[in-house]
Amino acid sequence: MFDSFSNRISGIFEKLRRSGILKEEDVDAALREIRIALLEADVSLSVAKKFIEDVRANAVGQNVVRSISPEQMVTKIVHDRLVELLGPSESISVGAKPHKIMLVGLQGAGKTTTAGKLAKFLGKNNRKIMVTSTDIHRPAAIEQLRLLSKRIPGSVFCPPEGENNLSADEICRLSIKTAEKERPDVLIVDTAGRLHIDEVKMDELARTKEIIQPKDIMLVVDIMTGQDAFNIAGRFSESIGINGIILTRLDGDARGGVALSMRALTGCAIKFLCTGEHLDDIETFDAERIADRLLGMGDVVSLVEKAQEHFSSTEAAQAAEKLQTGTFTFDDFADQMRKVSKLGGIKSIMKMLPQTQQLENMMETHGISDKIVVRNLAIIGSMTKKERANHRILNGSRKRRIALGSGTTVQEVNRLLKQYEGTLDIFKKMKKSGGMAKIMSMMGV
Ligand SMILES: Nc1nc2c(ncn2[C@@H]2O[C@H](COP(=O)(O)OP(=O)(O)OP(=O)(O)O)[C@@H](O)[C@H]2O)c(=O)[nH]1
Ligand SMILES: [Mg+2]
């Protein structure tokens, strides 16, 4: 979502880098361009203006010295101001049992999906999670969340199956009663969405708030809403009070200005970012990290965090060792592909890395995409152990047998071979550029 903004900013810094000693007109020119980049990213005018003033004041105040590279200096100042603009990085700190969280927002903003994601996210460390939905308005809305919650082991769902005719208030009261019995660490309450903010909706939400007494009321906002997001936040804030915002659909092509302006315009902190439809597509809002991402430094930290959930450091060490010694087999390749899928797919990993465009082009050249991962796994599954250990023995007849066994074609088997070799190539290049080494070292390898 921040791609074009981030590319522009990197371009501006690149120019500064070439300019040697920092002169006032260089900074002025850079600031003008940053201002345009902010506006193009859909950041509101007042926020962009204030941002540039802050950066300028700081740049002047710092009395830039010749020994520091101008680009480093301005990057640092812009980075720090961005962190400030984005707001404090505070997600939810789970407090006294049960920590009650209520989700509100317009129709289709992603509340129910987010309730499932939050349940999974907060359910780590063996926390007991209870999930409830008061959405009696949309048919099957409660069922939608019940199905999501089934994927969170040990979670409790209210209302129980078969209790179909309860009012929103009754569901709230039943949830409180159930929570007293089940004693969950966290209770997540999903509510109904409406196309527009109206009195009836607000009344119902106010009653839900009254009965549940949530510690956190999170407004779920689709980033595609654009500038209107600020009005929505304002209205919900006035009517029932919110103390955090969760932005969804960051995987789309919205320009990101909403994320940049939200705190400044509403005074309300963003707590989570959602980046897809899967239960794992949620991350805590970390201003430092986003500022890094915006300034083209890549988001290695969040990649590492995600990776750590799926790879153990010994496994990573083994993979690195194999890649270095050239003994990375098809078995390892299949293993990596499965893990990449678990991490949210190739694209989501690429987004977090610096030099993404370059790497993406390489992936394209080598025909690597999430769609064919499944077919590739089938192809590898049809290979013998010997073939998996040494791809060089794959001759025409072996390829035909594998294609037949996996329900694919010889062309696809050939394509996989090319990809496999391409992957080795990419790893080699990443290693050279320091990217892989950095990731590996952060993973404790
Ligand atoms: N791409 C993408 N899709 C998302 C994201 N979050 C939710 N969705 C999708 O958006 C659609 C609506 O999501 P819901 O969670 O049902 O939205 P809701 O706010 O509960 O909707 P109502 O209950 O009708 O008000 C679903 O198809 C979700 O899969 C996200 O971060 N990225
Ligand atoms: Mg819903």
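Counting starts at 1 for both ligands and their atoms, in listed order. When reading the values below, keep in mind they use all heavy atoms of this one structure, side chains included, and skip hydrogens, waters and symmetry mates.
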Does any N or O atom in [X] lie less than 3.5 angstrom from one in ligand 1, N or O only?
X	answer
T191	no
K111	yes
T248	no

Nearest-contact summary for [atom] - protein heavy atom, Å:
atom	result
atom 21 (O) of ligand 1	G108 N, 3.0 Å
atom 31 (O) of ligand 1	R249 N, 2.9 Å
atom 16 (O) of ligand 1	Q144 NE2, 3.0 Å
atom 1 (N) of ligand 1	D251 OD2, 2.6 Å
atom 14 (P) of ligand 1	T113 OG1, 3.4 Å

### Presence of N, O or S from T112 under 2.8 Å of the Mg ion (ligand 2)
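Checking the Mg ion (ligand 2) against T112, an N, O or S atom does fall under 2.8 Å.
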### Task
State, with a plain yes or no, whether a side-chain heavy atom of L187 is found less than 4.5 Å away from one of H99.
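No, every pair of side-chain atoms sits at 4.5 Å or beyond.
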Looking at [X] and [Y], does any basic side-chain N land under 4.0 Å from a carboxylate oxygen?
X	Y	value
D281	K117	no
D203	R207	no
D222	R249	yes

### Message
Run R146 and E143 through salt bridge (Lys or Arg N to Asp or Glu O under 4.0 Å) and show every step you take.
### Response
CA-CA 5 Å; R146 191 199 307 278; E143 202 49 35; 3.1 Å; yes
Proximal ligand 1 atoms for [X], defined as those under 4.0 Å from one of its heavy atoms:
X	result
T275	31 (O)
G193	25 (O)
Q107	24 (O), 25 (O)
D135	23 (O)
A109	19 (O)
C274	31 (O)

### Query
Given G116, A192, G276, which one has a non-hydrogen atom that is nearest to atom 30 (C) of ligand 1?
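Going through G116, A192, G276 one by one, G276 has the nearest heavy atom to atom 30 (C) of ligand 1.
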#### Entry: Heavy-atom nearest neighbour of atom 6 (N) of ligand 1 within options E277, R138, H278, K117
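It is K117 whose heavy atom sits nearest to atom 6 (N) of ligand 1.
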### Query
With no hydrogens and no angle check, is any side-chain donor or acceptor of D216 less than 3.5 Å from a backbone partner on I101?
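No, the answer is negative, given that no donor and acceptor are paired below the 3.5 Å cut-off.
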### Query
side-chain hydrogen bond (donor to acceptor under 3.5 Å, both in side chains) between T112 and D190: does it pass, once the steps are laid out?
CA-CA 6 Å; T112 305; D190 180 26; 2.7 Å; yes
### Query
Side chain, backbone, both or neither: which part of T112 comes within less than 4.0 Å of ligand 1 when only heavy atoms are counted?
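The answer is both.
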### R138 side chain to Q107 side chain, donor-acceptor N/O pair below 3.5 angstrom
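Absent: no donor and acceptor within the cut-off.
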### Task
Verify the distance criterion only: is there a donor paired with an acceptor across the side chains of H137 and E204 at less than 3.5 Å?
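Yes, E204 and H137 have a side-chain donor paired with an acceptor closer than 3.5 Å.
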### Task
Take L273 and I290, measure what side-chain contact (heavy atoms from CB on, under 4.5 Å) needs, and give me the verdict at the end.
CA-CA 11 Å; L273 301 176; I290 292 174; 3.5 Å; yes
### Message
Could you report the tightest heavy-atom contact between A229 and V221, atom names first, then the distance?
### Response
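For A229 and V221, the tightest heavy-atom pair comes out as CB-CG1, 3.7 Å.
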